[in-house]
Enquirer: 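Next up is a structure, given as structure tokens.
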Amino acid sequence: MSNERRKQFPFDEFEPRWQAAWEQANAFRTPNPGDADFDGSKPKFFVLDMFPYPSGNGLHVGHPEGYTATDIIGRFKRMSGFNVLHPMGWDAFGLPAEQYAIKTGQHPRATTERNVENFRGQLKRLGFAYDWDREVNTTDPDYFKWTQWIFLKLYGSYVNDEGKARPVSELEAKGLSREEIDARRLAYVSEAPVNWCPELGTVLANEEVVDGKSDVGGFPVERRPMRQWMLRITSFAQRLIDELDGLDWPEGIRLLQRNWIGRSEGAEVKFKVVQAAGLQPKADNPAGCPAIHVFTTRPDTLFGATYMVLAPEHPLVDQIVTEEQLSDVETYRAKTARKSDLERTELAKEKSGIFTGAYAINPVNEERIPIWIADYVLLGYGTGAIMAVPAHDERDWEFAKKFDLPIREVVAAAPRLQGEGSAVCDMPPLECLSLEGFAVNSSFLNGLATLEAKHRITAWLEEKGIGKKTINFKLRDWLFSRQRYWGEPFPIVWEGGHHRAIPESELPLQPPDLVDFKPTGTPEPPLSKAADWVKYSATATRELNTMPQWAGSCWYYLRYCDARNSERFVGVEAERYWMVGQPAGLPESESATQRVTPLLKPGGVDLYVGGTEHAVLHLLYARFWHKVLFDLGYVSTPEPFQRLVNQGLILGEDGQKMSKSRGNVVNPDDVVEEYGADSLRLYEMFMGPLEQVKPWSTNGVVGQHRFLARVWRLVMETNQEGEWVMSAALQDVTADKKLNKVLHETIKKCGGDIEKLCFNTAISQMMVLTTAFTQSDVRPVGALVTFLKVLSPFAPHIAEEIYAIVRSQFPQHAPAGFLADCEWPKFDPSAMIEDEVEVVFQVNGKLRDRATVPVNASKEEIEKLALASPKVREFVGALTVRKIVVVPGKLVNVVAN
RNA sequence: GCCGAUGUGGUGAAAUGGUAAACACAGCAGACUUAAAAUCUGCUGGGGCGAAAGCUCCUUGCCGGUUCGAGUCCGGCCAUCGGCACCA
């Protein structure tokens, strides 16, 4: 009594069959340099997906969007004679896995394995042409051995005067002390305040904290000082900005990175402190006369600095606060410390602060200005202290208004003549002017434009030794340790209060096999529970922190190049071939021509496709590691990813972001079950431009399914028993001119569109071709096979299936082997030439008539035809023809008035 | 507030400065069928005139500009989405 309706074509039978056939034949294995079957004469193409985090929810329809796009390109490049590296793997360490494991009482290794298994199965059901021999998993000891190894390279390096990473052995050779060296390592220990998340029981990187809450879970985050491992990414800030320029990335993403790094030019200025009213600073006693260093992007406004503000946590506060103000200051500091970052930003509108009782001397005019503390000044940026110029800074303005501090105008929109003696006008301006202009009330700067005033004052400060030109970055060093179980242990031991690397021979350093891996609820990491493991020797103990999830994803693309190498994180030859593209083992002349294209570019992954959510985090961290490896000579290119494309988010059918709570989540498995993998692949590519945000439409899937059914019926029809048999219309004849024209247009357009990632228009062209085949009484086999080749990167299963069916009767048109291994067809320009074309006639730009003319009709002939057209004559009427524009093969525009 | 992206039919969208709306979805009508599904064929931006074939005007967020010709290029607005945000 099953009411199951008949499938339009038996995708449920042949899709798994072809997946099995590809797998059994290892059809998409990519040989490496050195392998017997490696063909170094081919150019390389490295097409990379952002590897997924294998969550318990399984694949989301967003995953196949990017994965299908790269699969189409990979298959196309493969058919076009490239060695294609198209791998897949798992970013499997991390907080969510551990949270899930804790919740369900299972070991994260067990849940991770199961999730990976599930993801792999789901991806295989979509028919992606991955080389599964290169699969990587960041939690695999054979993988994280090298993550730990790279950490040791960071630990063992410093940045030299030229800004390049170099081994610390160079510093040892110069006789630097252990402490001096430790202070310069790229991986170093710091006591700085960090983002502690009590709920997750770990500290987080700045990048993982969003609006004062953890990115994972959304729990409150507070700042507290803790001993942590940091990576010195700030030493690479300038290069991370500069080297974006050579990359083929969306402008928006490059900007996001630039903004995140946040370079600003300005000056550092030193202000002397006077302890209290009447007390003069003791010039020869620095301890008695501390100085406050501030960073400012507007040194030209120095004459307008009427007070100073320190961050509440600033260490100098203790030294300068007066007896009288001490208790108020302490109260304020305690209040600020209790505030989470969230509260601090939420309350941003209302300024708060307290006077320290101390004064500083403004070095340009020797004026005594009060020193305050306020939480609008952040310890983490600049020097943690500012000179406040309320007339020209919105925040200072608000603060000054609230606490009734003096406001002095020092910049005016237009130059203003000063009275002789440059008397200072202390009339406060009516509003805050934070723009550039001309200096006023500023002694020797008066009349100068802002830019010039900056130069003048900076030179003056440098001359007096109280300031200097400075470049400041928003980017902070990368907080690299986590108090969690499910991550890479640090290959570090502690002895006598000092850290040191364990020998490389001891890698991989496996985490202890803990039964209880829950956070301790204190900053003490869970690894502390494994007493035996912790004890390294009689006197040394292991580092208890683990690495953050980002570690494994910083270099996975390199591991893909040589995933099974047990000697090295990536083989020298493999890295050079896949990242630079130098063909190995070619005769000199031949290799030179092959090299032209790849070496014009800085190199790296040829195409990297993934979501915008990694625009700053992953992409910045990976670039940083890559540059360190480049400086140390381990990789050949300064940048890892040459071309980056962001796929757009797929929204639910209701136009909202897909989420369980909205109930609008589409499960790819259900789509595959009902319509097949090819339909899903085709639909996701047909939805619209890859980079665009677009809503899901089940009807749209049905449309693609119908298209594939039409393709199927070009070759197959049902007999009286209801079985699929080959259509009699399929015949070994040559295509007529009309069909042949569409066919060659399709080859051309689809090839071009794939290169441009315009998959939606490629698919519509194939629909046009399919209609042409349908309307033709006979289906010429040769033309049909050519079409299958064009279709195969998009819908590989049905293409292979029809190809095999065609072979059963027309073996001469479908030689043995996979369609996936066939050569991409070449288009014949002569087939596309028409005998006649339609030209349109316009009068004053408006379409009035059209005519069919021979394709080689001359300008004069077309013009004559246009002027003879009754419609044209009607609209020209009594007007005078001023001009006639003729575009041969296109149009005639008669201009008349 | 700052930065970025996007605005085209009922919907997803397409258009090297040259016929706006290809290709699909949805809708309507017809063929096939006892019927339904599936399939196939046709119509489908808006207004006006016409019985109809057809004719005609308008239309790519808004306002201007360049051009023989603008969805496309330039200038100025508006709206939506995304990111950043006390960064001195």
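Treat the numbers as computed from the prediction; the structure is a model and nothing was measured. Computed over heavy atoms, backbone and side chain alike; hydrogens, waters and symmetry mates excluded. First the proteins, then the strands, lettered A, B, ... as listed; each starts at 1.
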Enquirer: For nucleotides 57-59 of chain B, which of its nitrogen or oxygen atoms have a protein nitrogen or oxygen under 3.5 Å away, and what is each distance?
Expert:
unit_1, atom_1, unit_2, atom_2, d
B:C57, OP1, A:R848, NH1, 3.3
B:C57, OP1, A:R848, NH2, 3.3
B:C57, OP2, A:R848, NH1, 3.1

Enquirer: Using the C1' atom on both, measure B:C63 against B:A13 and round to a whole Å.
Expert: 27 Å
Enquirer: Which pairs with one or both residues in residues 256-266 of chain A pass salt bridge (charged side-chain N to carboxylate O under 4.0 Å, His left out), sequence neighbours excluded?
Expert: A:D245-A:R258, A:E251-A:R258, A:R263-A:E265, A:E265-A:K469
Enquirer: A:L690 has an atom CG; how far is it from atom C1' of B:A13, in whole Å?
Expert: 15 Å
Enquirer: To the nearest Å, give me how far apart CE (A:M687) and C1' (B:G12) are.
Expert: 8 Å
Enquirer: Find the distance A:R254:CZ to B:A5:P and express it as a whole number of Å.
Expert: 12 Å
Enquirer: Is B:G82 in the syn or the anti form, by the rule that syn lies within 90° of 0?
Expert: anti
Enquirer: Can you check the A:E613 CD to B:G83 P distance for me, whole Å?
Expert: 11 Å
Enquirer: Could you verify whether a donor N or O on one side chain and an acceptor N or O on the other, from A:T746 and A:Q765, lie under 3.5 Å apart?
Expert: yes
Enquirer: For B:A26 and B:G64, measure between their P atoms and round to the nearest Å.
Expert: 40 Å
Enquirer: Think A:R848 forms a cation-pi with A:F875, using NZ or CZ under 6.0 Å from the six-ring centre and within 45 degrees of its axis?
Expert: yes
Enquirer: Taking the same atom, P, in B:U6 and in B:C73, what whole-Å distance lies between them?
Expert: 10 Å
Enquirer: Here's a test of your reading of the structure: between A:Y683 and A:A709, which maps to the more 5' nucleotide of RNA chain B?
Expert: A:Y683
Enquirer: Roughly how many Å is it from CZ in A:F707 to P in B:C40, rounded to a whole number?
Expert: 13 Å
Enquirer: I'd like to check the salt bridge (charged side-chain N to carboxylate O under 4.0 Å, His left out) partners of A:E691; sequence neighbours left out, ordered by chain and number.
Expert: none
Enquirer: Would you please name every residue forming a side-chain contact (heavy atoms from CB on, under 4.5 Å) with A:Y381, sequence neighbours left out?
Expert: A:S264, A:F295, A:N472, A:K474
Enquirer: Kindly say if A:S264 contacts the phosphate of B:A88, meaning a side-chain N or O under 4.0 Å from OP1 or OP2.
Expert: yes
Enquirer: Could you tell me which residues satisfy salt bridge (charged side-chain N to carboxylate O under 4.0 Å, His left out) with A:K694, sequence neighbours excluded, listed by chain and number?
Expert: A:E65
Enquirer: How would nucleotides 15-27 of chain B be written as a contact map, 5' to 3', with B for base contact, S for sugar-phosphate-only contact and - for no contact, using protein heavy atoms under 4.0 Å?
Expert: ---BB--BBSSS-
Enquirer: Please report, rounded to the nearest Å, how far the C1' atom of B:A85 is from the CD atom of A:E398.
Expert: 14 Å
Enquirer: What distance, rounded to whole Å, do you find between the two P atoms, one in B:C43 and one in B:C25?
Expert: 15 Å
Enquirer: Measure across A:L682 and A:L708 and return the closest heavy-atom pair with its distance rounded to 0.1 Å.
Expert: CD2-CD2, 3.5 Å
Enquirer: Between A:T336 and A:D375, is any side-chain donor less than 3.5 angstrom from a side-chain acceptor?
Expert: no
Enquirer: Do A:S697 and A:Y683 pair up side chain to side chain, a donor and an acceptor below 3.5 Å, judged on atom types alone?
Expert: no
Enquirer: For A:D393 and A:L255, take the nucleotide of RNA chain B holding the closest heavy atom to each; which residue's nucleotide lies nearer the 5' end?
Expert: A:L255
Enquirer: Tell me every residue that passes side-chain contact (heavy atoms from CB on, under 4.5 Å) with A:T306, counting only those two or more places apart in sequence or in another chain.
Expert: A:P390, A:P406, A:R408
Enquirer: Using the C1' atoms only, state how far B:U72 lies from B:U67, rounded to an integer number of Å.
Expert: 13 Å
Enquirer: Among residues at least two apart in sequence or on other chains, which ones pass side chain to side chain donor-acceptor pair (under 3.5 Å) with A:T852?
Expert: none
Enquirer: Quick one: A:L651 CG to B:A13 P, roughly how many Å, whole number?
Expert: 10 Å
Enquirer: Return the set of residues passing ring pair (Phe, Tyr, Trp, His ring centres under 6.0 Å) with A:F473 (not counting sequence neighbours), or none when no residue passes.
Expert: none
Enquirer: May I ask you to check if A:K351 and A:F399 form a cation-pi contact, with NZ or CZ under 6.0 angstrom from the six-membered ring centre and within 45° of the axis?
Expert: no
Enquirer: Sequence neighbours excluded, which residues qualify as salt bridge (charged side-chain N to carboxylate O under 4.0 Å, His left out) partners of A:D753?
Expert: A:K749, A:K756
Enquirer: Taking 4.0 angstrom as the limit, do A:K741 and A:E745 come out as a salt bridge?
Expert: yes
Enquirer: Return one dot-bracket line describing RNA chain B 5' to 3' (Watson-Crick or G-U wobble pairs, both distances under 3.5 Å; ( ) same strand, [ ] crossing, | another strand, . none).
Expert: (((((((..(((.....[....))).(((((.......))))).(((((....)))))..(((((..]....))))))))))))....
Enquirer: Between B:C3 atom C1' and A:I261 atom CD1, what is the distance in whole Å?
Expert: 15 Å
Enquirer: Using a 4.0 Å heavy-atom cut-off to protein, can you give one letter per nucleotide of nucleotides 42-50 of chain B, 5' to 3': B if the base is in contact, S if only the sugar-phosphate is, - if neither?
Expert: ---------
